[in-house]
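Beneath this line is the structure, given in C-alpha cells, with notes to follow.
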Amino acid sequence: MQERYDHIAIELAWQKTWANANKFAVSQQCDKQKYYLLEMFPYPSGRIHMGHVRNYSIGDVVARFKRLQGYNVLHPMGWDAFGMPAENAAIQHGIHPAKWTVENIAKMRLQLKRMGFSYDWDREFATCNVEYYKWEQQIFLRMLEQGLAYKKSSIVNWCSECQTVLANEQVEDDCCWRCGTQVDDKELDQWFFKITNYAEELLDFTDKLTGWPESVLTMQRNWIGRSIGCEIEFPIENSSDNMKVFTTRQDTLYGATFMSLAVEHPKALALTTADQHSEVEAFIAKIRSQDKNKRSGDDYEKEGVFTGSYCINPLSGRKMPIYLANFVLMDYGTGAVMAVPTHDQRDFEFAKKYDLQMVVVIQPEGQPLNVDTMPQAWTDSGVMVNSDRFDGLSNEAAKEQIADYLVGEGLGDKTVNFRLRDWGVSRQRYWGNPIPVIYCDKCGVVPVPEKDLPVVLPTDVQLTGEGGSPLAKHEEFYSVACPKCGQSARRETDTFDTFVQSSWYFARYACPEYADAPIDKAAAEYWLPVDQYIGGVEHAVMHLLYARFFTKVMRDLGYMDVDEPFTNLLTQGMVCKETQSCPEHGWLYPEQMVDGKCSQCGQSVVIGRTEKMSKSKMNVVDPDHLIVKYGADTARLFTLFAAPPEKDLEWSEQSVEGCYRFLNRVWRVIYDNRKLFAKRCAVETASEARKLRRITHRTIKKVTEDIDGRFHFNTAISAVMELVNAIYLFDAKKEYPGAFAEALETVVQLLAPFVPHISEELWSCMGHDTDLEQAGWPLCDQQALIEDEKLIVVQVNGKVRAKITVSASADNATIEAAALADEVIQRFVAAKTVRKVIVVPGKLVNVVVG
RNA sequence: GCCGAAGUGGUGGAAUUGGUAGACACGUCGGUCUCAAAAACCGAUGGCUUCUGGCCGUGCCGGUUCGAUUCCGGCCUUCGGUACCA
C-alpha cells in the first residue's frame, strides 16, 4: 500500500480487473432476485458531458448497491444513434454519419469505462445497427396490420430554397436556420401512430405508477388532457344542415349568442353569403399566411369576420350569427365553438369588438351581473339564470342536467375529448430507420413483406444539405418491384422519428442478440419491467409517454406481457454553472480568463447567472479534466454530494476539491493504521468501544435508508463523513483495535457504491482476499444502537432552555421530575404557575407556565 | 393566464411522522507543526446585544398548536413546463 492516494493508477487497475473478469455481465440463469436498473441512453454526440456523469453516477450507485444487497442486477448501456446532428456533421465536415457515429461511440465508450460505471457491456447496441432497427420495421408492419399505423396528410415546415422539411428547432424567427428563407407550411402525407387509441389506458395507468414522481404524472395527465363535455348540433338557418360543436360548458348553452369557426373549417366557404364573400376570402388568406407559432402567441389580437349565415341555439331558439375567428383551432374539438361572451374571456373580447349580443346565464349568489357593466367574462361557478327550466340550479348541477336533457331530446351527445394527438413519425431525413413500405401506382401502399426485411439504410450517399433527403435521390434504394404485382414501384424514402427507437430499447436489452423476434419472451418475462429508470426531467412527457405507449402496443401485438415499462422513475436535475463573458468578446471559457480579466483584451470579465451547462454559453466543464486531476471517484462523489439528485446541481471547483480531500483523508487514516488489520480481533464490549460501535452501526442504518428508495446520496455521504470524523477523534484505538477496525471497514463498505475504485483498493489493502461484492452490504447490528443514556431537550413555553441527560429506561414521571429540577428551568419557572408539562419520551420536555 | 417545483447562514445544502433550525461540506478566521510556505491536524464561525445572560431569525402577513422550516388561509419572488383546448 502506498502512502499517497494515486487515483489514476488505482482507477486504471480496477477498471482492468473488472473488464478482464467481465464482472458486470449478467444472465437470467440465476437464482438471485432480478433488478433491472436503466439510465436514459445517450446520444453519441462525441464526448460525455457533466449531465451524463451525473446521470450515470446516480445510476451506478443504485446498481452497485443492489448488487451488494444480493440482487442479479441488469445494468446495460447503449446508444441512441440515429438523428440530425450526425447529418449536420456530415454536411459541415464531409464525414459520413455512420462513420461519425461509430467514432463518437468509441470515444464515449472509453470515457464511460474510465468513469468506472458497472455496465454489462455484452448487451451494448446502437439503434443504427441493422440488427436493432430491422425489428422496429417488423413491429411497424404489424402495427400497420392492426390499424395502429396509418397515413394522413399533415402540415410541415417547408424551406423552398433547400427543398426540405425543417424540424421546429430548425426554424428561427419563421425562417430557415441555414439559408434564411421564409418557411412555408406545406401539406405532406405522413405516417402516424395511433397513440390516441391508448389515451384512456395511458391516463388510467398514471394512477398505478406509484413509483413515479407526482409532478411527472401530472404533466402526462395534462398532456393527455381528457375532458368530458357534449357535442351539440346547431341547426343552420335556411338549410337542412347542422353545425356540430364540442363544449365542456354546456351549462352556458343558453348564453351562446354567436358561433366561431376555424378558418380551416370545411363549411366555412359554403356558409358564406355572396355579399360577404370577398371579405371572408381575404380573412382566410390572411390568417392562413400567418405563422402558426405567432398565431398562438401571447398578445395575438382576436379577430374575425361574419359569414352572413346564422344558426339556431337549440335550447334558447336564438338566432346566432356565424363568424370565422382567428383563435379557433381546427384540430381540437370540431373546429367550431359556441361562443358565450358572458362566460368565456375570448368570446367576451370578441363580442365587445364586433358589438355582439351578450346574455348572462350564470351569476354569483346574490350578485346579479349586468352585461353592459361587467368588466370581463364570469368564468367561476354560480347560479343559473335566463336558462328556462334550469334557472336556480348551481351551474355544476346544470352541467349534468343539460347534458342529460340534450341526449334525451336527440340534440347532442355526451363525449370525451382528448388533447392528445396521434404521433407523427415520418421524417424526411437520411440518418434514420427506413419506413418499410412501397408505393405502387397500381396497388397503392404496399407494406414490405416481413420476409424481405430488413430494409437496409444504404451507406453510399452524399450529404450536401440541399434538395431534401438523399434517399429520395438514391435510385438503387427507391426503385423497387412492387411485392404484389411485380411492376416497378417506389420505396418510401422517409425514415422514423428517433423517438421510435428510444420507445422500446429498454426491452431489447433483455435479449440483445435474439434473432427470431424483437423480444425473447422468456427474457422479457424475467427482466421486465425496468425496476428503476433514471434520466432528465426534460423527458417527462414525450419520451416517457411514447415508451409507455409502445409497451402497450407490443403487449397487444403479442411480443411481451408487460403493461408499463418503468416501475420506478427518478428524474434528475440539470448541471449548472455560472457563465462568464467579456464585454467585447462575449461568452468565455474559464481558460480564456486570467485573474478575472479577458485573456484577449484584458477587460474585466462579467460573471453571469448560473445556467444549465451548454456549449453555446461556454460554461461547460469537461469531465476528462476532472478525471485526470482528481479521478473518476472524486468526479462521482462530487455530483452525488453537492445536491440531491432531483435538484439542479451547481458546479463548484472548490466543492470538487473538498471531495478529493475527503477521499485523501479516508486513504490516510487507513494507511496510518494499516498494521491494525494484520491481526484480526473480536470487537470489544467496553463502554468506549461501544460508543464507537454505536456510531458505526447508526451510520450503516442511515446510509442504507438514504440510498434505498430515497436516493438521498448527499446525506448518505455526509453520514460517512461524520463516521470518518468520529474515527479521527477516537483516541483509544490501541485499547480497542476491534471496534476501530470495524469502523474503518464499514467506511470502505459504505463508500463502495459511490467511489468503487478507492473502496476496492482499500478493501484489499486491509487484507481481504475477496472483493467487496463478496463481502456484501454491511448489516446494522440493532444491539449496537442501544443507548444507556438519552439527551432530553427541556423547553419552557416552547423555547429551549436546558438539556438534560437521563437514563434510557427512565419513565415519563422521572424525566419530568429531572427537567423541573434543573437549575435553569427552575429560574424560568420561579414565581409562575406550571400549567402543563408535555413529555415526548426520549426526546423533549415542554413546561408550559403562565 | 394555467399547471408543477422551490424560497433556510457568506455558499452548496440538512432537519425522514408537528418536537434542539443550520447536520455535512465549501469559504473565512484563529491555533499546532515549519526557518518559511503548502499540505495536514485541532478549534471558532446565523444576526443583534447592555454578554456567567438575553432578544431576533427558515420569502411576507395571518391562523391552528404546549410547540410550526414542516399543517391551514392570503400574498410576493424565482425557476421549469404549457397554452387562445371551447
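Just so you know, these numbers come straight off a predicted model, no measurement behind them. Per chain, numbering begins at 1; letters A, B, ... match sequence-line order.
- Heavy atoms of A:Ile717 sit nowhere under 4.0 angstrom from any nucleic acid atom.
- In this structure, the nucleotide among B:C56, B:U20, B:A86 sitting nearest to the side chain of A:Arg249 is B:A86.
- For the C1' atoms, the distance linking B:U58 with B:G4 amounts to 23 Å, nearest Å.
- Side-chain atoms of A:His343 come within 3.5 Å of backbone atoms of A:Ile362 as a donor-acceptor pair (strictly under, hydrogens ignored).
- At a threshold of 4.0 angstrom between heavy atoms, the contacts of A:Asn846 include nucleobase atoms, whether or not backbone atoms are also involved.
- Closest approach to the A:Phe828 side chain among B:G13, B:A25, B:G54 is made by B:G54 (side chain taken as heavy atoms from C-beta onward).
- In this entry B:G53 has B:U49 as its Watson-Crick or G-U wobble partner, both defining distances falling under 3.5 Å.
- For the pair A:Arg661 CZ and B:A38 P, the interatomic distance rounds to 13 Å; values are reported in whole Å.
- The aromatic ring centres of A:Tyr671 and A:Tyr5 sit 6.0 Å or more apart.
- In this structure, the NZ atom of A:Lys647 is 7 Å from the C1' atom of B:A6, given to the nearest Å.
- At the heavy-atom level, A:Lys803 lies under 4.0 Å from base atoms of the strands shown.
- Taking the six-membered ring wherever Trp is involved, the centroid distance between the rings of A:Phe641 and A:Phe754 does not fall below 6.0 Å.
- For the C1' atom pair drawn from B:A37 and B:G22, the interatomic distance equals 34 Å after rounding to whole Å.
- Although no hydrogens or angles enter the test, the distance criterion places a donor-acceptor pair under 3.5 Å between the side chain of A:Asn395 and the main chain of A:Gly382.
- Shown here, B:C2 forms a base pair with B:G81; the pair counts as Watson-Crick or G-U wobble because both key distances fall under 3.5 Å.
- Nucleotides B:G7 and B:U52, compared at atom C1', are 39 Å apart to the nearest Å.
- The P atoms of B:G57 and B:C42 are separated by 36 Å, rounded to the nearest whole Å.
- Contact annotation for A:Asn664: no contact, since no heavy-atom pair falls under 4.0 Å across all strands.
- Computed from coordinates, the A:Tyr630 OH to B:A25 P distance equals 18 Å when rounded to whole Å.
- Distance from the side chain of A:Asn714 is smallest for B:A14 among the nucleotides B:A14, B:C24, B:C3.
- Nucleic acid contact class of A:Arg801 (heavy atoms, under 4.0 Å, all strands): sugar-phosphate only.
- Per the geometry, NZ belonging to A:Lys702 stands 12 Å off P belonging to B:C24, to the nearest Å.
- When heavy atoms are screened at a 4.0 angstrom cut-off, A:Arg665 is found touching the sugar-phosphate backbone but no base atom.
- Summarising the local packing, NZ of A:Lys414 is surrounded by more than 12 heavy atoms from other residues, nucleotides or ligands at distances under 6.0 Å.
- The A:Phe641 side chain lies nearest to B:G12 when the options are B:C3, B:G12, B:G19.
- Among the atoms of the strands shown, none is found under 4.0 Å from any heavy atom of A:Arg226.
- Comparing the C1' positions of B:G59 and B:C79 gives a spacing of 15 Å, expressed to the nearest Å.
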